Amino acid sequence: MIRFNHISGSLAGTSAEYDKRSLRVGTSGDCDVRFDVERDPEVGRYHAAVVLKENVYHVLDLGQVGGVWVNGERVQNSALRGGDRVRFGGLEGPEAEVAVMLDPTYDPAKDAAQMVQELKGSRTRETRAVEIMRLAAERVAEERVKAGGTKSRRTMEVMAETIHEVGDLMKLQTRKRWVKIVGVVASISMVIIAVMGMVILTQQRKIAHLLDAKSRFDAQIQAIQLQMDSERDSVRLSALERQLGEATANAERTLADLARTSKEKAQQAVESGDDLDRDIRRILGQFDAATYAVPPIFKERVAYHIEQLRKAGPTARVIYRRKLKYWPQITREFQAIELPEVMAYVAWTESQFDPLAKSGAGARGMWQMTRTTAQSLGLRVDGAVDERTDVPLQTRAAAKYLAGLLAEFGEDAFMLAMASYNKGENGVRRVLRKVAQTPGGFKKSKRDFWHLYRLKLLPEETREYVPKILAAAIVCSHPEKYGLVLGATKADSAGR
């Protein structure tokens with residue numbers, strides 16, 4: 001049994017106990033722990049699951065924006081102990097303190113004694129054999145204690161060990177009596193195997209059903225996204241976005257059910273797709289910016305820019321060697337303020353890592369800063385000195401600028417921060433203020449890059465800018481594969 005003592009949010013001041021092996025947490029009407037959708041905008045429809053595993057409750061993040069936090073740390077899957085504080089969503093999300101209570105009615109000594117009597121019923125009167133069975137019964141009972149008074153997966157292992165011990169003992173006695181013992185033990189084993197076979201068959205059918213359901217939801221999501229790619233009407237786009245939200249919630253709920261049935265199958269389902277899917281998910285995962293399904297047009301544009309870099313051949317290799325030259329300086333400045341280095345590929349897109357690059361609009365340096373921006377970040381730009389061409393100084397200023405954008409838009413909105421670098425944060429702020437005037441536009445889910453991307457609220461140049469950066473990061477992660485190095489040694493590929 002687990003109890004939630006709600007500290008903040010729409011359920012603040014209330015407590016609830018649940019005697020279930022799994023709970024759903026979110027704003028949907030079928031959630032066990034249900035928050036108010038208007039008062040708790042940080043919480044998704046199916047935000048988290050709480051599952052009892054091996055007599056320990058675990059909280060699982062179902063991939064919603066804001067995530068799940070236990071005692072101030074963001075988690076994907078965490079065991080819960082009495083007194084832990086769990087927050088659903090970002091900093092403003094509702095918080096609850098948990099209390100965990102085990103089943104007090106389970107008596108391991110009584111259970112062990114009952115198992116001994118059942119084993120004695122097999123007419124095995126050998127004192128040593130009965131002693132072995134008694135000890136085995138106690139071990140099984142101990143495992144059941146760990147599982148909260150239910151049958152444990154360790155039962156089969158203990159019984160197998162016991163069968164071998166009894167068999168070895170009886171082999172030392174008469175062959176006739178050994179045959180009888182083997183017959184009894186074999187009968188027990190056949191019953192156990194039959195039961196386990198039924199359990200496995202039932203589980204396999206459930207897994208197949210869940211995978212089939214997930215495939216249907218995935219196909220529905222794909223169809224909706226393709227409609228959104230070609231749609232231009234804002235009203236119809238909003239309607240499709242609502243449909244997409246419902247289909248995604250169904251798919252996420254199915255995936256969570258699959259994870260409770262088979263973690264391995266759930267992980268395989270999550271990691272499905274081609275190499276590009278996995279590369280994009282890897283980058284998004286660094287920023288807690290994962291989305292259930294990347295829009296097909298976004299993946300298509302990433303693939304396009306990867307192919308352009310591949311075709312660039314010698315030019316791309318020159319840029320890559322320049323990148324290797326400056327990468328240690330760049331990562332040093334980024335790491336100093338714990339800024340993810342993948343954001344440094346802004347420099348590839350802006351200047352191709354050229355410290356002397358200059359644009360027609362007057363931007364200059366590897367990070368292509370205007371005079372005003374550079375001066376606002378503490379760089380000297382006047383008739384005598386232009387520190388925009390100083391790689392360490394401008395990189396430090398760029399890192400400071402990007403960190404400020406992440407602080408404003410949120411760590412999980414790193415693509416929005418990079419879009420701001422291209423468009424300017426004032427331009428993105430105007431888009432967000434416009435969104436805020438729509439119903440629920442203040443919610444984090446409506447301020448997410450993916451929402452703005454799907455609804456075509458960002459300018460075309462900005463929509464194209466982010467896939468360019470991800471393409472550069474992916475290509476540089478696999479320099480041999482994409483032809484950035486020829487006959488390279490490990491040293492040649494350093495700094496990836």
Side-chain angles (χ1 to χ4, degrees), residues 279 282-283 286-287 305-306 308-310 312-359 361-371 373-381 385-406 414-415 417-422 465-496:
D279 282 331
R282 174 180 55 80
I283 294 174
Q286 296 177 32
F287 293 84
H305 290 296
I306 287 175
Q308 291 300 108
L309 291 175
R310 190 201 301 269
T315 301
R317 287 192 284 274
V318 169
I319 300 170
Y320 181 67
R321 286 195 294 271
R322 196 184 294 147
K323 177 255 184 188
L324 293 181
K325 176 182 177 181
Y326 293 114
W327 200 248
Q329 299 178 53
I330 294 172
T331 54
R332 184 164 53 248
E333 297 297 340
F334 275 47
Q335 289 171 1
I337 56 175
E338 299 183 7
L339 195 65
E341 68 176 38
V342 71
M343 296 189 76
Y345 287 99
V346 165
W348 180 301
T349 306
E350 289 289 331
S351 71
Q352 299 181 339
F353 292 103
D354 183 356
L356 302 178
K358 189 173 182 179
S359 75
R364 194 171 184 187
M366 183 181 293
W367 300 92
Q368 287 293 281
M369 292 180 183
T370 63
R371 175 190 295 266
T373 298
Q375 291 174 337
S376 71
L377 293 168
L379 295 180
R380 181 181 173 185
V381 183
V385 177
D386 190 342
E387 292 183 336
R388 290 178 295 177
T389 60
D390 186 308
V391 173
L393 288 179
Q394 195 189 34
T395 298
R396 188 174 303 133
K400 177 181 176 182
Y401 182 73
L402 288 167
L405 294 174
L406 281 179
F414 84 103
M415 290 185 291
M418 291 192 297
S420 299
Y421 197 98
N422 167 253
Y465 186 77
V466 177
K468 279 184 182 179
I469 295 173
L470 265 62
I474 290 169
V475 167
C476 288
S477 295
H478 310 286
E480 296 91 350
K481 176 179 178 180
Y482 293 108
L484 293 182
V485 288
L486 300 176
T489 63
K490 291 183 179 179
D492 295 325
S493 302
R496 286 182 238 169

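Predicted model only: the values in this text are computed from it and were never measured.
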Check for me whether the distance between the ring centres of Tyr345 and Trp327 falls short of 6.0 Å.
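Yes: the rings meet the under 6.0 Å criterion.
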
Nearest heavy atoms of [X] and [Y], plus distance in Å:
X      : Y      : answer
Ile330 : Met366 : CD1-SD, 4.0 Å
Phe334 : Pro340 : CD2-O, 3.7 Å
Ala316 : Leu309 : CB-O, 3.5 Å
Tyr401 : Ser420 : OH-O, 4.3 Å
Leu377 : Ala397 : CD1-O, 3.6 Å

Got a donor-acceptor contact below 3.5 angstrom from the [X] side chain to the [Y] backbone?
X      : Y      : result
Arg364 : Ala357 : no
Arg388 : Met369 : yes
Glu387 : Arg380 : yes
Gln368 : Gly365 : yes
Arg317 : Gly483 : yes

Do [X] and [Y] have side-chain heavy atoms sitting under 4.5 Å apart?
X      : Y      : answer
Pro355 : Thr389 : no
Leu339 : Leu406 : yes
Asp279 : Ile283 : no
Tyr326 : Thr395 : no
Met418 : Leu470 : yes

Regarding [X] and [Y], do their side chains bring together a donor and an acceptor under 3.5 Å, going by distance alone?
X      : Y      : result
Thr370 : Thr373 : yes
Ser351 : Trp367 : no
Glu350 : Tyr465 : yes

Could you give the distance from [atom1] ([X]) to [atom2] ([Y]), rounded to the nearest 0.5 Å?
X      : Y      : atom1 : atom2 : value
Leu402 : Tyr421 : CG    : OH    : 6.0 Å
Cys476 : Leu324 : SG    : CG    : 8.0 Å
Ile319 : Gln352 : CD1   : CD    : 3.5 Å
Leu379 : Leu393 : CG    : CG    : 6.5 Å

May I have all residue pairs that pass salt bridge (Lys or Arg N to Asp or Glu O under 4.0 Å) and include part of residues 324-336, sequence neighbours excluded?
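Residue pairs with at least one partner in residues 324-336: Glu333-Arg396.
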
List the residues meeting ring-ring contact (aromatic ring centres under 6.0 Å, His included) with Tyr482, not counting sequence neighbours, and say none if there are none.
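Listed in chain order: nothing, the list is empty.
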
